[in-house]
Amino acid sequence: MRGLLACAMLAAMISAATTTVASAQVSDDVVRIGVLTDLSSWGRDNSGPGSVEAARMAVEEFGPTVLGKPIEIISADHQMKTDVGVNIVRGWFDNGKVDAVADIPNSGIAIAVHNMVRERNKIALLSGPGASSLTDELCSPNTVHFTYDTYALSKVTASAVIKEGGKSWYFITADYAFGQQLEKDATRFINEMGGKVLGGVKHPTNTADFSSFALQAQSSKADVVAFANAGQDTDNAIKQSGEFGLVQGGQKLVGLLMFDTDVHAIGLKSAQGTYMTTASYWNMDEQTRAWSRKFFARTNVMPTMIHTGVYGSVLHYLKAIKAAGTDDPAKVMAKMRELPIEDTFVHGGKLREDGRVIRDMYLARVKSPEQSKEPWDYLEIIKTVKGEDAFRPVSESKCPLLKK
């Protein structure tokens, strides 16, 4: 009897150990995350090297391993070129054993990679791109759109400016997927609130001379000149519009996508009074200030919402792997939807079935030089907008994943 009991106990122990090993599986014995970002073009400052460091900071906060396996961060420069970005990710999947792709500033590149991720059964952790179509008609069960989108930026900013009397609008828009989507979404909310779009002009990305566009906007006599672009394009456009006296002539300037780094590049004197919407700000509380100063020591810039989004999405991904006991994409995505999103900058966030992270957004106004109390003290938070009020509601969605 003792022998039989010992054999039974040994069999149970072996079975339990086998079950534990089977349930805690990591493909290729490493969790590898590729940060696809812009290291050399017009989006470098608001994503770029900072996004890579933000991913590393997420790993440091989580711990060097998950389920007993190492976590590796690799990175590459997509140069704001779709073919370059797609080829990098294809190589990562085919030869690099990458499990998830993070960041991807530039909506055109993000859409192409988002489709590849679905085909290859990987995971996309998007922080940099803004096209709201990623979680609308193009939605995927393998994508997390973590930080912001054109719907939320347009709704929050346009609503505030129209309430302040900015009824007529003129757009200066970047001629690619993100800019076009941003203008389209903003136009909808302008019309719904009784405003009117008088016209607009489209420009290629990485434009240096905005003088003709600024003059066209000035001659439109619109109450508001809105910039549906990003990075150095936004910096150059606002600077040159200021030089042509648009603000002095009574027009409001609105950056539909602006970052702390843009305000830093433009300067408070030229950017003061500009409205913008952001998903995070470094100077919100003691916790955000501590994290941001650590980030600043590594990068020499305060974090943009893209940087904090890379950090948050990578951290949430690792938590989900731990909770799932595996890095299997379907099981990890299920846990990412199940777990509340909690990090330095997001509290009580939720990943919806369409891939949209529902989180608070902040309406901000750029301070004047006199209002700024320290370096990088650029924004005054005017209003906190709850995620369910900022992002596209389920009732308006074209995503089939929300119809189940």
Side-chain angles (χ1 to χ4, degrees), residues 16-37 51-76 85 88-104 110 113-128 134-135 139-147 309-343 346 349-357 401:
T18 303
T19 301
T20 300
V21 171
S23 63
Q25 295 179 345
V26 172
S27 57
D28 306 309
D29 290 327
V30 62
V31 172
R32 188 171 289 109
I33 302 166
V35 181
L36 184 65
T37 191
S51 290
V52 182
E53 285 302 320
R56 290 172 179 156
M57 288 176 70
V59 174
E60 290 170 12
E61 181 174 325
F62 180 83
T65 64
V66 59
L67 302 179
K69 303 299 182 182
I71 305 163
E72 183 179 346
I73 299 295
I74 64 173
S75 62
I88 289 169
V89 175
R90 184 178 292 114
W92 279 352
F93 291 165
D94 290 346
N95 306 310
K97 299 180 180 179
V98 166
D99 301 295
V101 182
D103 197 13
I104 322 185
V113 173
H114 154 92
N115 291 332
M116 189 191 307
V117 162
R118 176 167 44 194
E119 293 166 2
R120 301 293 189 92
N121 193 29
K122 302 289 187 175
I123 290 178
L125 306 170
L126 304 180
S127 182
L134 283 159
T135 54
C139 70
S140 163
N142 294 67
T143 289
V144 178
H145 204 180
F146 195 87
T147 308
V310 171
Y311 151 75
S313 61
V314 170
L315 184 61
H316 192 58
Y317 172 63
L318 296 174
K319 289 178 180 178
I321 293 175
K322 180 179 180 181
T326 176
D327 67 348
D328 174 80
K331 293 178 181 177
V332 172
M333 286 297 300
K335 281 297 179 183
M336 291 184 80
R337 296 186 189 98
E338 178 185 325
L339 297 173
I341 301 172
E342 289 289 336
D343 61 54
V346 183
K350 182 70 177 175
L351 175 60
R352 209 163 58 182
E353 289 292 331
D354 57 354
R356 176 68 261 162
V357 168
L401 298 174

**Message:** Closer than 3.5 angstrom, by distance alone: can the side chain of Asp327 be matched with the main-chain N or O of Ile321 as a donor-acceptor pair?
**Reply:** no
**Item:** Electrostatic pair Lys69-Asp29, nearest N-O below 4.0 angstrom
**Value:** yes
**Prompt:** How far does CZ of Arg120 sit from CH2 of Trp92, to the nearest 0.5 angstrom?
**Reply:** 14.0 Å
**Message:** Under the criterion side chain to side chain contact (heavy atoms under 4.5 Å, CB included), I'd like the reasoning laid out for Tyr317 against Val144: C-alpha separation, chi angles, the key distance, then a yes or no.
**Reply:** CA-CA 10 Å; Tyr317 172 63; Val144 178; over 6 Å; no
**Message:** Please report the interatomic distance CE(Met336) to CG(Leu351), rounded to the nearest 0.5 Å.
**Reply:** 6.0 Å
**Complete:** Rounded to the nearest 0.5 angstrom, the CG-CG distance for Asp328 and Asn121 is 7.0 Å
**Message:** Tell me the closest heavy-atom pair linking Leu36 and Gly85, and the distance in Å.
**Reply:** CD2-O, 4.0 Å
**Asked** Got a second to check how far Ser51's OG is from Ile73's CD1, nearest 0.5 Å?
**Response** 11.5 Å
**Request:** Report yes or no: does Asp99 contribute a side-chain atom to a donor-acceptor pair with the main-chain N or O of Arg32 at less than 3.5 Å?
**Result:** yes
**For Met333 against Pro141, the heavy-atom pair lying closest together** = CE-O, 3.2 Å
**Request:** Answer yes or no: is there a donor N or O on one side and an acceptor on the other, between the side chain of Thr326 and the main chain of Gln25, under 3.5 Å?
**Result:** yes
**Distance-minimising heavy-atom pair for Phe146 and Gly309** = CD2-O, 3.5 Å
**Asked** Atom CG of Leu318 and atom CD1 of Ile71: how far apart are they, to the nearest 0.5 Å?
**Response** 4.5 Å
**Prompt:** Ala102 and Val314: which non-hydrogen atoms are nearest, and at how many Å?
**Reply:** CB-CG2, 4.3 Å
**Request:** Please confirm whether the backbone N or O of Val101 pairs with a side-chain atom of Lys122, one donor and one acceptor, at under 3.5 Å?
**Result:** no
**Request:** Go through Thr143 and His114 one step at a time and tell me if the side-chain hydrogen bond (donor to acceptor under 3.5 Å, both in side chains) criterion holds.
**Result:** CA-CA 7 Å; Thr143 289; His114 154 92; 2.8 Å; yes
**Request:** Tell me, with the steps shown, if Arg356 and Asp354 meet salt bridge (charged side-chain N to carboxylate O under 4.0 Å, His left out).
**Result:** CA-CA 6 Å; Arg356 176 68 261 162; Asp354 57 354; over 6 Å; no
**Request:** Would you confirm whether Lys319, through its side chain, and Glu342, through its main-chain N or O, come within 3.5 Å as a donor-acceptor pair?
**Result:** yes
**Message:** Within the 4.5 Å heavy-atom criterion, are Lys97 and Val30 side-chain neighbours or not?
**Reply:** no
**Request:** Provide the closest heavy-atom pair for Ala55 versus Val35 in the form atom of the first, atom of the second, distance.
**Result:** CB-CG2, 3.8 Å
**Prompt:** Which value, rounded to the nearest 0.5 Å, describes the distance between His145 atom NE2 and Cys139 atom SG?
**Reply:** 13.0 Å
**Item:** Whether Lys350 side chain and Ile341 backbone form a donor-acceptor pair below 3.5 Å
**Value:** no
**Item:** Closest contact, heavy atoms only, Val98 versus Gly34
**Value:** CG1-N, 3.8 Å
